[in-house]
Q: 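Handing you this structure, nothing more for now.
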Amino acid sequence: MPLALLALAVGAFGIGTTEFVMMGLLPDVADDLHISIPAAGHLVSAYALGVVVGAPLLAAVTARMSRRTVLIGLMALFVAGNALSALAPGDGALLAARFLSGLPHGAFFGVGAVVATGMVAPERKARSVSLMFLGLTVANIAGVPAATLMGQHLGWRATFLGVSAIGLAAIASLALLIPHDRAAASTTGLRGELTALRSVPVWLALGTTVAGFGALFAAYSYITPMLTDAAGFAETNVTLLLALFGVGATAGNLLGGRLADHSLRGTLFGGLTALAAVLLAFPVLMRAEWSAALSVALLGMAAFVTGSPLQLMVMEKAASAPSLASSANQAAFNLANAGGAWIGGIALAAGFGPTSPALAGAVLAVLGLGVAGVAYAVDRRHEVAHGGRVIATHVPEQAGALRR
């Protein structure tokens, strides 16, 4: 695997850290800015909104630019957003800075996935995407806990300055390790990029992402009350248990990338089935501390097995505009975050018990399987109509210059 993937992973590590660290800093931010916890929670939503808006928008408007230049520019925007967060004088300015920080998130992963797959042989494309995502999953093991501790001891502003430093390191890594790619820059333009999103298979792939990862966030958004109210853990142990989720997510991400290079659809169907099974087992697994801890790791593993296959499938279905489609998949991921949390909250508010969000997530996972099944049926019909084979494992070569 090319060393340049390390540069993408460093950027992913910084993005993953700033995305998830706010959850742990909400009380500190609320106290310092004299706002309520629910009001501070809007800072999480502002970041997610930035991702949803920025992912397709920035990918589209930079379609004709060198992808190396785009990646460096996106990370510079990331650094600016986090630096402004650290310097924000009030909650309004911080809200705007968090929105700005989220803008480059989806486009970075979208363009980065295209660059990663363009640097490797066809049989290693999914693995290259998983190595880029490795930075995101490792952030949940090391980056978020370390940044949270920094914020608690040095102030929350120090956390965002630290994340800005990670962004600067990522810029240096990208400039040093990512090859120049003038010949790989898209020539389709904005209209061509947008036209590629009219494809039904692209929307089915995006729908699978929304349902599949919505299943994850329906449960994960309420994992703390599950662990404390159902499994009996003390709140002081929750941070360590969430690190187990990061371990499981990292293992699942690497496993999914390796398996998807052999069978993309098989890995996708298997991962969604495993996710549904784990979520259905939550009411039983949460009855004892050891099994509850195991369930947290299994949840991360089952969910992130599907990460690389879904990213690669969306890129394949929009081969003429892979950067935009890949970035749109990151927007879909954040829609899944918001939608899954909302659906899990409905189950919890209805009084179905602390583990009910997991059961709601299982329903979403089955829905994701259904959407993936429809996508497969559409491909099969296309195969019969054209008398050829439809292979959902390879993205047409987009970046020959990157390899050279």
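Given the structure is predicted, the values throughout are model-derived calculations rather than measurements.
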Q: Taking all non-hydrogen atoms of both residues into account, name the closest pair between P283 and L279 and its distance.
A: CD-O, 3.9 Å

Q: Take Y220 and F245 through the test ring-ring contact (aromatic ring centres under 6.0 Å, His included) and record every step on the way to the result.
A: CA-CA 9 Å; Y220 187 67; F245 174 84; 4.2 Å; yes

Q: Can you check whether F233's main-chain N or O pairs, donor with acceptor, with T228's side chain at less than 3.5 Å?
A: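 No, the answer is negative, given that no donor and acceptor are paired below the 3.5 Å cut-off.
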
Q: Would you name the heavy atoms of T208 and G368 that are closest together and state the gap between them?
A: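 Closest approach of T208 to G368, heavy atoms only: CG2-O, 3.9 Å.
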
Q: When the aromatic ring centroids of F133 and F109 are compared, is their separation below 6.0 Å?
A: yes

Q: Can you tell me how far the CG atom of D91 sits from the CD1 atom of I35, to the nearest 0.5 Å?
A: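 Going from CG on D91 over to CD1 on I35, the span is 5.0 Å.
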
Q: For F108 and I15, run side chain to side chain contact (heavy atoms under 4.5 Å, CB included): C-alpha distance rounded to whole Å, both residues' side-chain angles, the deciding distance at 0.1 Å, then the answer.
A: CA-CA 9 Å; F108 181 87; I15 289 174; 3.7 Å; yes

Q: Are M22 and V29 close enough that some pair of their side-chain heavy atoms sits under 4.5 Å apart?
A: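 With C-beta onward as the side chain, the pair touches.
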
Q: Hey, could you give me the OG1/CG distance between T62 and L74, rounded to the nearest 0.5 Å?
A: 6.5 Å

Q: Decide if atom CZ of F269 counts as having more than 12 heavy atoms of other residues, nucleotides or ligands within a radius under 6.0 Å.
A: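 Above 12, so yes.
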
Q: So which atom in R157 and which in D32 form the shortest heavy-atom distance, rounded to 0.1 Å?
A: NH2-OD2, 3.8 Å

Q: At their closest point, which heavy atom of G16 faces which heavy atom of L136, and how far apart are they?
A: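 Looking at all heavy atoms of both residues, the closest pair is CA-CD1, 3.3 Å.
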
Q: How many angstroms lie between CG in L176 and CD1 in I171, if you round to the nearest 0.5 Å?
A: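 Answer rounded to 0.5 Å: 13.5 Å.
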
Q: Answer yes or no: is there a side-chain heavy-atom contact under 4.5 Å between V21 and T159?
A: yes

Q: Is there a donor-acceptor contact under 3.5 Å from the side chain of D28 to the main chain of W156?
A: no

Q: If we only count heavy atoms from C-beta on, is the L275 to L299 side-chain gap below 4.5 Å?
A: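 L275 vs L299: side chains touch.
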
Q: Assess the pair Y47 and H105: is the distance between their ring centroids shorter than 6.0 Å?
A: yes

Q: Working to the nearest 0.5 angstrom, can you tell me the gap between L268 CG and S308 OG?
A: 11.5 Å

Q: Enter the distance from F213:CZ to N329:CG here, rounded to the nearest 0.5 Å.
A: 8.5 Å

Q: Taking the six-membered ring for Trp, is the centroid-to-centroid distance between F217 and F333 below 6.0 Å?
A: yes

Q: Can any side-chain N or O of D261 pair as donor or acceptor with the backbone N or O of K125 at less than 3.5 Å?
A: yes

Q: Between S85 and R98, is the side chain to side chain contact (heavy atoms under 4.5 Å, CB included) condition met? List the steps.
A: CA-CA 7 Å; S85 296; R98 286 294 290 171; 4.1 Å; yes

Q: I'd like to check T267 versus L255 (side-chain heavy atoms, cut-off strictly below 4.5 Å). Are they in contact?
A: no

Q: Take I178 and I72 through the test side chain to side chain contact (heavy atoms under 4.5 Å, CB included) and record every step on the way to the result.
A: CA-CA 10 Å; I178 299 295; I72 294 174; over 6 Å; no

Q: Are any side-chain N or O atoms of S173 and backbone N or O atoms of A7, one a donor and one an acceptor, separated by less than 3.5 Å?
A: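 Judged by distance alone, no pair lies under 3.5 Å.
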
Q: List the atom of M132, the atom of A12, and the distance in Å for their closest heavy-atom pair.
A: O-CB, 3.4 Å

Q: Measure across L348 and G353 and return the closest heavy-atom pair with its distance rounded to 0.1 Å.
A: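 L348 and G353 have their closest heavy atoms at CD1-O, 3.4 Å.
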
Q: Quick check: does any side chain N or O of R68 sit under 3.5 Å from a backbone N or O of A175, one acting as donor and the other as acceptor?
A: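 Answer holds: yes.
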
Q: Got a donor-acceptor contact below 3.5 angstrom from the S263 side chain to the A260 backbone?
A: no

Q: Start with the C-alpha gap between L5 and S128, add the side-chain angles, then the distance that decides, and say whether side chain to side chain contact (heavy atoms under 4.5 Å, CB included) holds.
A: CA-CA 7 Å; L5 293 176; S128 70; 4.1 Å; yes

Q: Could you tell me the separation between the CE atom of M301 and the CG atom of L244, rounded to the nearest 0.5 Å?
A: 11.5 Å

Q: Is the backbone of V163 close enough, under 3.5 Å, to the side chain of N82 for a donor and an acceptor to pair up by distance?
A: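 No: the side chain of N82 does not pair with the backbone of V163.
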
Q: Is there a side-chain contact between I166 and V79 in this structure, where contact means two heavy atoms from C-beta onward sitting under 4.5 Å apart?
A: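 Counting from C-beta outward, I166 and V79 never come under 4.5 Å.
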
Q: Side chains of L103 and L100, heavy atoms from C-beta outward: is any pair under 4.5 Å?
A: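 Sidechains of L100 and L103: in contact.
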
Q: Would you indicate whether the side-chain heavy atoms of M75 and L71 approach each other to under 4.5 Å?
A: no

Q: Would you say that T18 contacts F160 through its side chain, given a criterion of any heavy-atom pair below 4.5 Å between the two side chains?
A: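 The answer is yes, as the side chains (C-beta and beyond) meet within the 4.5 Å cut-off.
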
